[in-house]
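Whatever order the structure lists ligands and atoms in, that order sets their numbers, starting from 1. Computed from heavy atoms alone, side chains included, the values below leave out hydrogens, waters and symmetry copies.
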Amino acid sequence: MKKILILGGTAEAVSLAAQLKDYPGISVIYSLAGRTRSPNLPDCAVRQGGFGGTDGLTRYLMENDIAAVIDATHPYAGQMAENARRATSKLSLAHYKYLRTPWSEPCEAPWIWAASSNDAAEKIRGKFNRVFLSGGLNDVAAFTALNDVWFLIRSIEYPSTPIPIQNFSHIKARGPFDVVGERKLMQENKIDALVSKNSGGSATEAKLHAAQALSIPIIMIDRPPPLGGVVFDDQAMLIDRLRQDF
Ligand code: NAP
């Protein structure tokens, strides 16, 4: 039996685990950071919580006799991706990276590109007054200094620590979202700019269509570059490749 560790926290990671769990000769362990109170889980072995950096992950892979790692974390989970690259390279293990296809920028409504959340804050400064931060709670600290701006902050969990922003309203909601609802939310809150990550996938794409329909500028935080592993944007192709390799 070859043990495969799936680094999860996305719908696609759950789906990959579900497809691989009964695969002959393979046993799957699904790993979560453990930040979400009621995460979607596949019906296979699950572990939760950080490994303790690259060294902790390397130790975990050795102690659990893992043969391969599928990094199916969110495209912006750069630290976990880097740790997976380093640990698998140290141990010469197979390393696959699943990455959703990014959304594409419409020619008729170009996005304002930002290299990071800090850069997105600079793009807001002096230009926008009521901004929708749609990318969760991880990076809200980047917007702390914008005291003249009011923010609508959406995340799938209530914040576990105070939100370090002066003027804001928080909503807890989990996708999928639809265009009608997103449009209503932005209109009701008089939003004049949307900050988004280029997450890809269908669950949270509606906000882009809603903003475009309302002529609300979209500040798009660019993706970090993929950090290693054999990269797939198609689950079936990744599974085919695993089938060949194991
Ligand atoms: P990150 O910055 O890359 O990771 C920070 C630390 O969290 C990692 O160093 C690791 O701790 C731990 N960690 C992250 N993913 C893990 C996993 N699947 N299993 C075990 N430990 C994990 O990640 P993040 O952006 O905070 O994302 C955390 C989780 O939320 C990920 O599972 C990701 O797929 C999911 N998520 C993220 C976003 C986003 O916008 N970033 C959106 C949706 C879902 P140690 O160093 O101690 O091992």
Show the distances, to 0.1 Å, for all pairs joining an N/O atom of ligand 1 and a protein N/O atom that are shorter than 3.5 Å, listing one pair per line.
from, atom 1, to, atom 2, distance (Å)
ligand 1, 3 (O), A77, O, 3.1
ligand 1, 3 (O), G78, N, 3.4
ligand 1, 3 (O), Q79, N, 2.9
ligand 1, 3 (O), M80, N, 2.8
ligand 1, 7 (O), R35, NH2, 2.9
ligand 1, 9 (O), N83, ND2, 3.4
ligand 1, 18 (N), G8, N, 3.3
ligand 1, 18 (N), G8, O, 3.4
ligand 1, 18 (N), S31, O, 3.1
ligand 1, 19 (N), S31, OG, 2.7
ligand 1, 25 (O), N138, ND2, 3.4
ligand 1, 26 (O), R35, NH1, 2.7
ligand 1, 26 (O), N138, ND2, 3.3
ligand 1, 32 (O), G8, O, 2.7
ligand 1, 34 (O), G8, O, 3.0
ligand 1, 34 (O), H74, N, 2.9
ligand 1, 40 (O), H74, ND1, 3.4
ligand 1, 40 (O), K197, NZ, 2.7
ligand 1, 46 (O), G53, N, 3.0
ligand 1, 46 (O), N83, ND2, 3.4
ligand 1, 47 (O), F51, N, 3.3
ligand 1, 47 (O), G52, N, 2.9
ligand 1, 48 (O), F51, N, 2.7
ligand 1, 48 (O), G52, N, 3.3

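- Residues that satisfy the ring-ring contact (aromatic ring centres under 6.0 Å, His included) test with Y60, not counting sequence neighbours, are F51.
- With side-chain heavy atoms closer than 4.5 Å counting as contact, directly or through intermediates, the hydrophobic cluster containing I26 also holds I4, I6, V14, L16, L20, Y23, V28, Y30, L32, L41, V46, I70, Y96, Y98, V230, F232, M237, L238, I239, L242, F246.
- Scored by the salt bridge (charged side-chain N to carboxylate O under 4.0 Å, His left out) test, D22 finds no partners at all (sequence neighbours excluded).
- A donor-acceptor contact closer than 3.5 angstrom is absent between the side chains of Q235 and E12.
- With 3.5 Å as the limit, one finds a donor-acceptor pair spanning the side chains of R47 and S31.
- A side-chain donor-acceptor contact under 3.5 Å links R130 to the backbone of N189.
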